[in-house]
Novice: 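One structure coming up, written as structure tokens, with questions to follow.
As the structure lists them, so they are numbered: ligands from 1, and atoms in each ligand from 1. Just the heavy atoms: all of them, side chains too, but no hydrogens, waters or symmetry mates, feed the values below. On a predicted model such as this, the values are computed, not experimentally measured, just so you know.
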Amino acid sequence: MIVSCVGIGVGAASRIAIGEAHLLRQGPVCVTQSWVTPLEVDAEIERFEHALKSAAAQLQTVRGQIPEDAPSDIVEFIDTHLLMIEDKAISSGVMQLIREQFFSAEWALQQHRDALVAVFEQMDDTYLRTRRDDLDNVVRRIHKILMQPEEDHQEPLRDKIILAEDLSPADVIVLRNEQIAGFVTDYGGPMSHTAILARSLGLPAIVGARGASYCLQHGELLVLDTRHGCALANCAPSVLGYYEDEREFQQERALLLRKHSTEPAVTADGHSIELLANIELSSDVEAAVLNGADGIGLYRTEFLYMNRRDIPDEEEHYAAYREVIDGIGGKPVTIRTLDLGADKQAMHDHLRSSGGNPALGLRAIRLCLKEPELFRPQVRAILRASAHGDVRLMLPMLTNLWEVAQAKEVISRCQQELNAEGIAFDPAMPIGGMIEVPAAALSAQAFAEALDFLSIGTNDLIQYTLAIDRIDDEVNYLYDPFHPSVLLLISQVIKATAASSKPLSMCGEMAGDPRFVPLLLGMGLRSFSMQPAALLDAKQQLLKQDLSILRAKAADFLQHLHKQDPLSMLNRW
Ligand code: PEP
Ligand code: MG
């Protein structure tokens, strides 16, 4: 019998993955009280020492796999954990509890960890709090080794399908480097940055499949069908054969489409449309070029801040931007200033959002304006990069016009500094902003007049318009890009920006969603930015469109928006 777990599919070019399941247990390990007999003490101590050695060996392996160009802090982070494992203050305390209290190794470790944490907590110091997180991380690793069968510890993850309760965007980057085939999570929504990153990396995934990490078994063969949002186990040979053929067909189709990557994106009635790529890592520029992007419409630079404990400096920003500029070959590169916060958290304590509602908190431009010393190195690096290509700076999450004025002040001070230092930059580098908050959408014309270009971020625009946390799978069903208010806001932004004659693009997920492309064209949008893997399909779709017909259809659609179901109306186009 097929076992199936249903969630929301996340996939771009590759929609099918087939691979062995690998269960990634995160979160706290449940340790119960347990004892050994006096005769078992020596063996228990040996078991603990063996677990310490295995934990150290695991970390050494991870350390050896870190790419050379990875931030040095990832290495430091692992070294801190290695030092803790080797620290006698930790191991001798545990062994004493085994010897004197006859505790099992797991229970002794838990007791000793609780005693150490109690000391940390009394000290109320940010640095020590970080140490406590490190301690927990190390203890969790040793516990897992003590409690899991030996053969699981060092299993390579290549071609595996990861099962996890949840994964952060930072986890996905690490797993991608391990060359996994895909993943399934119990929690999370399709618009979370974890899902967006998976799409962008062409990694098939199912998110929000409640209970999947419990129903599906470690080691069994899984099929991920992201188009239908299901993970299948225990498939009959005929079903497996069907999916293998389908996967091959998709791979061949992608190769075929790639042959057309350099052809221009022109509609059937001769209008040129700009197709840009969204990227998260500088190395993603390769996929953008391969899929024929007209440039980078959104570079999510906050990914530079993940999986590390410090903050990237100006040189590191500059090197990443140069990699993208050099890779894209003279085409435009829109660098979005950092949008940390909500589900994109840095490990650095200072940058972690606190409070119960991070999506509404100190995020993106708010954080940058509050912490100019965080913003400045990035702005200087973008300016320096602008001397080497067609660079545009884009401000995220604008809500108030004064945020534009304040950001421009920081930019102009950086320009003065660079001038004084004799460092080259493009003084005419365009400064644009994202329209992703309803307040900004309603005032789009004023933002267009204050800036050189705009880009609609539909992922957040939907979240904030409909009051739906985009990462909360409990309210996923309410995250509705077809909601009339969302469509009206988009149409209003397109009209308002056209009135100011400033360029407008869209870089939210709607831009790469074939269900919306004809409508957006009909509304007047001429520039679309999407994950690289979606570009070739989008171009095929564009080639068949006739804008004069779409304009009339879009006008009629907007007029009847509240009278009929938007999805069924669009399906009839
Ligand atoms: C958006 O909100 O639509 C967007 C592109 O930004 P992000 O997904 O990074 O929040
Ligand atoms: Mg956004």
Side-chain angles (χ1 to χ4, degrees), residues 10 12 168-170 172-173 188-201 207 276-281 284 288 293 296-306 334-346 353 357-368 378 392-399 403 432-441 444 447 453-472 479-481 483 486-487 489-490 493-494 504-513 516 520 525 527-532 534:
V10 176
S168 69
V172 174
I173 293 176
M191 290 302 146
S192 67
H193 285 94
T194 296
I196 288 175
L197 188 60
R199 261 194 291 277
S200 181
L201 299 173
V207 297
L276 303 164
N278 293 349
I279 61 169
E280 281 76 36
L281 306 171
D284 295 342
I296 304 298
L298 167 66
Y299 176 9
R300 290 185 164 100
T301 59
E302 52 280 2
F303 282 83
L304 276 169
Y305 292 72
M306 290 182 193
T334 309
I335 305 177
R336 179 174 75 180
T337 57
L338 73 106
D339 180 12
L340 279 175
D343 60 335
K344 286 177 290 192
Q345 294 285 347
S353 34
N357 213 336
L360 301 181
L362 195 59
R363 185 189 155 184
I365 192 67
R366 301 173 181 181
L367 177 65
C368 288
Q378 178 171 40
R392 298 139 192 219
L393 179 151
M394 182 159 74
L395 305 166
M397 214 194 161
L398 292 168
T399 313
E403 289 162 341
M434 288 189 67
I435 300 295
E436 45 187 350
V437 175
F447 279 95
F453 67 92
L454 295 180
S455 184
I456 309 176
T458 52
N459 309 337
D460 278 315
L461 187 62
I462 298 168
Q463 150 164 278
Y464 295 129
T465 304
L466 305 182
I468 302 300
D469 186 340
R470 63 194 260 200
I471 63 170
D472 184 347
Y479 188 94
D480 180 13
H483 193 292
V486 170
L487 298 172
L489 275 177
I490 291 172
V493 174
I494 295 173
L504 172 71
S505 188
M506 176 181 283
C507 59
E509 296 294 288
M510 274 175 85
D513 184 334
F516 294 103
L520 294 168
L525 191 70
S527 171
F528 297 72
S529 192
M530 62 196 75
Q531 73 265 16

Novice: Test your reading of the structure: does Glu509 have an N or O sitting under 3.5 Å from an N or O of ligand 1?
Specialist: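 No, no N or O pair falls under 3.5 Å.
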Novice: After noting the C-alpha distance and the side-chain angles of Met191 and Ile468, does the key distance pass the side chain to side chain contact (heavy atoms under 4.5 Å, CB included) rule?
Specialist: CA-CA 11 Å; Met191 290 302 146; Ile468 302 300; over 6 Å; no
Novice: Heavy-atom pairs closer than 4.0 Å: do any link ligand 1 to the side chain of Leu298, the backbone, both, or neither?
Specialist: side chain
Novice: Can you tell if the side chain of Leu276 reaches within under 4.5 Å of the side chain of Thr334, non-hydrogen atoms only?
Specialist: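 In short, these two side chains do not touch, never coming nearer than 4.5 Å.
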Novice: Can you check which of Met397, Arg363, Arg470, Glu302 brings a heavy atom nearest to atom 8 (O) of ligand 1?
Specialist: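 That would be Arg470.
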Novice: Do Arg470 and His193 come within less than 4.5 Å of each other through their side chains, counting heavy atoms only?
Specialist: yes
Novice: Atoms of ligand 1 less than 4.0 Å from Glu436 heavy atoms?
Specialist: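 Every atom of ligand 1 under 4.0 Å from some heavy atom of Glu436: 1 (C), 2 (O), 4 (C), 6 (O).
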Novice: Side chains of Asn278 and Asp284, heavy atoms from C-beta outward: is any pair under 4.5 Å?
Specialist: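 In short, these two side chains do not touch, never coming nearer than 4.5 Å.
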Novice: Within the structure provided, determine whether Ile462 and Tyr479 are in side-chain contact (heavy-atom separation under 4.5 Å).
Specialist: yes
Novice: For Cys507, take its heavy atoms, then give the atoms of ligand 1 lying under 4.0 Å from any of them.
Specialist: 5 (C)
Novice: Is Asn278 touching ligand 1 with its side chain, its backbone, both, or neither, if touching means heavy atoms under 4.0 Å apart?
Specialist: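 Asn278 to ligand 1: no contact under 4.0 Å from either part.
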Novice: What protein heavy atom is closest to atom 6 (O) of ligand 1, reported as residue, atom name and distance in Å?
Specialist: Arg336 NH1, 2.9 Å
Novice: In this structure, does ligand 1 have an atom that sits under 4.0 Å from one of the heavy atoms of His193?
Specialist: yes
Novice: When you compare the side chain of Met506 with that of Thr458, does any pair of heavy atoms fall below 4.5 Å?
Specialist: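 A side-chain contact under 4.5 Å exists here.
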Novice: Mark up the atoms of ligand 1 that fall under 4.0 Å of a heavy atom belonging to Met434, in ascending order.
Specialist: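 Under 4.0 Å from Met434, ligand 1 has these atoms: 4 (C), 5 (C), 6 (O).
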Novice: Taking the side chain as every heavy atom from C-beta outward, state whether Leu197 and Ile173 have any atom pair closer than 4.5 Å.
Specialist: yes
Novice: Please state which part of Ile196 comes within less than 4.0 Å of ligand 1, counting heavy atoms only: side chain, backbone, both or neither.
Specialist: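 Looking at Ile196 and ligand 1, just side chain atoms fall under 4.0 Å.
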Novice: Is Gln378 close to Leu338 at the side-chain level, that is, under 4.5 Å between some pair of heavy atoms?
Specialist: yes
Novice: Determine, stepwise, if the pair Phe453 / Met394 fulfils side chain to side chain contact (heavy atoms under 4.5 Å, CB included).
Specialist: CA-CA 8 Å; Phe453 67 92; Met394 182 159 74; 3.8 Å; yes
Novice: Does Met191 reach ligand 1, in the sense of a heavy atom lying below 4.0 Å from it?
Specialist: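 For ligand 1, residue contact (heavy atoms, under 4.0 Å) with Met191 is absent.
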Novice: Report, in ascending order of atom number, the atoms of ligand 1 lying under 4.0 Å from any heavy atom of Arg300.
Specialist: 4 (C), 5 (C), 6 (O), 7 (P), 8 (O), 9 (O)
Novice: Can you find a pair of side-chain heavy atoms, one from Ile490 and one from Met510, that are under 4.5 Å apart?
Specialist: yes
Novice: Quick check: of its N, O or S atoms, which one does Asp460 have closest to the Mg ion (ligand 2)?
Specialist: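 Per the distance ranking, Asp460 contributes OD2 as its closest N/O/S atom to the Mg ion (ligand 2).
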Novice: Taking 2.8 Å as the cut-off, does an N/O/S atom of Glu436 lie below it from the Mg ion (ligand 2)?
Specialist: yes
Novice: For Asp339, counting its heavy atoms only, list the atoms of ligand 1 lying under 4.0 Å from any of them.
Specialist: 10 (O)
Novice: Taking both backbone and side-chain atoms of Asp460, is any N or O found less than 3.5 Å from an N or O belonging to ligand 1?
Specialist: yes
Novice: Side chain to side chain contact (heavy atoms under 4.5 Å, CB included), that's the test. Do Leu398 and Met434 meet it? Break it down for me.
Specialist: CA-CA 6 Å; Leu398 292 168; Met434 288 189 67; over 6 Å; no
Novice: Does ligand 1 have an atom under 4.0 Å from some heavy atom of Met506?
Specialist: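 In this structure, Met506 fails to qualify as a contact of ligand 1 - no heavy atom is under 4.0 Å.
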